[in-house]
Amino acid sequence: MRHASRSSASAVSASNCVSCLVFGVVFRTADTCGLKTIYPTLTLNQLGKGTAPLDGPWQFHLGDDPTWATPSFDDGQWEQLTADQPWGSQTHPSYTGYAWYRRHITFSPADGASPDIALLIPTIDDAYELYWNGAPMGHLGSFPPNLGWLSLIPAQTYGLGPVRSGVLAVRVYKVPLFSNDDGTAGGFEGLPIVGSPQAIASTKDALDYHWLRGRQFQFGLTSLYALASLLSLLAWLRDRKQRLLLWMAVYTAMPLLELFLNGLRLPFSAIWSTFLVQTSIQLREISQWFVLLWLLQLNESPKLVRFIRVVAIVSVIAGFLDGTLGFFYPNVFSDIQFQITDAVLTLFILPFEAIPIFLVIYAVIRRKRLDSARWLVAILALTSGMFYSVSNIAAQGTRFTHWTLATKMNAPLFTLFGSVFPIQLMLRTLLFASIVYAVVRYSIEYRRRQTNLEQEVQNARELQQVLVPDVLPEIPGFTLTSAYRPAQEVGGDFFQIIPLEDKSTIIVLGDVSGKGLKAAMAVSLIVGAVRALADDYPSPAQLLTQLNRRLCGRLQGGFATCVILRLNPGRECTLASAGHPAPFLNDQELTLEGTLPLGLSPTASYDETTFSLQVGDHCSLYTDGLLEARNPTGELYSFARLQTLFATRPNAEQATQAAVAFGQDDDITVLTLARTEVLSVAVA
């Protein structure tokens, strides 16, 4: 059986300290200068195997004084508050700093019950110390100057021992309010409970089970987030080009991090958890922006991507700074400085929460042709983003505005199996499901396109292998070697060796701007045109002129450099170049007039140069991939190394290997021609 006080203390006259029972309330009197101060004492009779809440009025006082823990201190003039709600929702809204609670209690265990008394504290905001008759019984957190506190932790239990009568004093420190605090917090947030150690342990188990049961959906949803993050990361590691999967992995990993830091009630420092959670929230929002960029096909706009990158950097910095405020209080920042800095940084961050709304509207304005899955993501991102932004904005400064909109928006929509479902949770869940569905469809479509592209590249590679001679024709009196090393699977270099009816030979070597499939298609066009024109225009200059006219306007803004060498029967050679590096004769570069590459101007003209090849001479034709080979430090192969290389008169494979060993950066093609003997030329 228990008796709880329900009346306020009052001052009466009496000559001695006495006890009386009035309406089930025990009052104690203390003589102070002839006046008798009366304060209520909670008497718990026949306390057996059950528990009892410490309800009724507690003596309460703002400030801090170590003597307030002693049982002899007269607290009769203190105000009285209940412990079932914080002091901010009673008589001291928005108060931060020190405060004390005191409760006069008499315990009377039932016959056969445990003589020891245990105490359960549901939540006290923020750091606190417990005293029984002036002796410390436990604490949670630490006080300034080494302030530390824990948040969102389970109820704590403390053993008081075989106590019978005395004063339970609680010293509390409330940290400064954040910009979205409504000012109702501070001190007790639930009634403390006393009972036998076994009863208190059972009560704590019941509270923990109730808390765990109420978070089944959150744990399940976070598990799905974690699974999606792992699968996205593994898929990205297999194909680093799919940036969407990387951002998807980050986006879905953040809820797991937030749950670990702030949702499992682990004894983390609130200062560190606030910093890490604030940073994870910013990363979650930023990764969602980039997921939307890819899903809404807005990554095709370089300016928009750059803008989002800049905003993301600013957002992370602002969130990082906002999360570090706890490290500077109270040794650097005062209460007012803390709150002002937090408010300024929050106002700086809030506009960024509208980025998803901006991206969706931008996609609509640009009239992006999206499938149904991506439009579903857009609709849910717009709805969730608007709800999230409005609720966060409405929550700012509520202790001054007294707005209730944020409270109503975040109120539970319904409860199912103990789990509460606010609107924001439902919107985020639907958005997550739609993003997963859209990303899966994107990945399947991306893989299909990649397969088709790989098939096209394979076809182009096979075509190029046909266009680039595998077996070189024999030219009497000469030794001919060639080497072709593309930088990618399909390159833009080409060469052809075309025998003519008059026993002369046309050697064509060139380089198309760009790389990959586009360059390979241009190569096939050029090679086809060269073979069609060679018999009608055997002069290198004429052949280049005709080739240039046919290529203008057909290279999609690109161009091609080319050198054509006509090897006449005997020792005379005729050479013409269209913007291509000049060949080397032995260790000297041939002198050529500067000309335009092919495909730039239909009126371009080309000159010819004639030279002789004597027995033992070595002529080397090459593309600029040989000259522009680049080592890891960024140094080019250069003309000096090229001259030294050709002075050794290497064959084509040796020259190519030298450049590859130095550091290949572009397609490399080398063709060498060495005069081995003098042939007689018949005179008609």
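No side-chain donor-acceptor contact under 3.5 Å links Arg284 to the backbone of Glu258. Put simply, the side chain of Ser384 never gets that close to the backbone of Ala381: no donor and acceptor are under 3.5 Å apart. Checking side-chain atoms of Asp126 against main-chain N and O of Val175 turns up a donor-acceptor pair under 3.5 Å. Side-chain atoms of Ser273 come within 3.5 Å of backbone atoms of Ala270 as a donor-acceptor pair (strictly under, hydrogens ignored). Ser223 contributes a side-chain N or O that, together with a main-chain N or O of Phe219, makes up a donor-acceptor pair within less than 3.5 Å. Ser179 contributes no side-chain N or O that, together with a main-chain N or O of Ala343, makes up a donor-acceptor pair within less than 3.5 Å. Here the side chain of Gln90 pairs a donor or acceptor atom with the backbone of Thr82 at under 3.5 angstrom. Side-chain atoms of Ser280 do not come within 3.5 Å of backbone N or O of Met254 as any donor-acceptor pair. Looking at Asp181, its side chain does come within 3.5 Å of a backbone N or O of Phe178 through a donor-acceptor pair. Side-chain atoms of Asn133 come within 3.5 Å of backbone N or O of Val167 as a donor-acceptor pair.
The side-chain heavy atoms of Val291 and Trp247, taken from C-beta on, include a pair separated by under 4.5 Å. No side-chain heavy atom of Met409 sits less than 4.5 Å from a side-chain heavy atom of Gln424. Considering only heavy atoms from C-beta on, Gln80 comes within 4.5 Å of Pro40 through its side chain. Side chains of Leu81 and Phe188 form no contact here, defined as non-hydrogen atoms less than 4.5 Å apart. Counting only heavy atoms from C-beta outward, the side chains of Pro86 and Asp125 never approach each other to under 4.5 Å. For the pair Phe327 and Ile271, the minimum side-chain heavy-atom distance is below 4.5 Å. With contacts defined as side-chain heavy-atom distances shorter than 4.5 Å, the pair Asn180/Asn392 does not qualify. In this structure, Phe60 and Asp75 have side chains that are not in contact, with every pair of non-hydrogen atoms separated by 4.5 Å or more.
Of the charged side-chain nitrogens involved, none lies within less than 4.0 Å of a carboxylate oxygen, so that Arg399 and Asp182 do not count as a salt-bridged pair.
Listed by chain and residue number, nothing satisfies the salt bridge (Lys or Arg N to Asp or Glu O under 4.0 Å) test with Asp65 (two or more places apart in sequence, or in another chain).
Here the closest heavy-atom approach between residue Leu191 and residue Leu54 is recorded as CD2-O, 3.7 Å. Taking all atoms of both residues into account, the shortest heavy-atom contact from Ser434 to Val377 is O-CG2, 3.4 Å. Nearest approach of Ala127 to Ser142, heavy atoms of both residues: CB-O, 3.8 Å. Heavy atoms only, all atoms of each residue included: Gly159 and Met137 are closest at O-CE, 3.4 Å.
A cation-pi arrangement is present between Arg171 and Phe143 under the rule of less than 6.0 angstrom and at most 45 degrees off the ring axis.
Taking the six-membered ring where tryptophan is involved, the planes of Phe290 and Trp294 are tilted, since the angle between them lies from 30° to 60°. Classification of the Tyr362-Phe358 ring pair by plane angle, with boundaries at 30° and 60°, yields tilted.
Looking at Trp58, Trp100, Trp68 one by one, the single match for ring pair (Phe, Tyr, Trp, His ring centres under 6.0 Å) with Trp78 turns out to be Trp68. Just one residue in the list Leu168, Thr41, Thr43 forms a side chain to side chain contact (heavy atoms under 4.5 Å, CB included) with His104, and that residue is Thr41.
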Stepwise side chain to side chain donor-acceptor pair (under 3.5 Å) test for Gln216 and Ser419
CA-CA 7 Å; Gln216 297 176 79; Ser419 296; 4.7 Å; no
Step by step, work out the side-chain contact (heavy atoms from CB on, under 4.5 Å) result for Leu221 and Leu425.
CA-CA 10 Å; Leu221 179 61; Leu425 176 61; 4.0 Å; yes
- Task: Just do the side chain to side chain donor-acceptor pair (under 3.5 Å) check on Thr91 and Glu79 with the steps written out, would you?
- Result: CA-CA 10 Å; Thr91 57; Glu79 67 175 308; 3.2 Å; yes
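Sorted by first and then second residue, the salt bridge (Lys or Arg N to Asp or Glu O under 4.0 Å) pairs with a member in residues 407-433 read Glu285-Arg428; sequence neighbours excluded.
No side-chain donor-acceptor contact under 3.5 Å links Tyr158 and Gln156.
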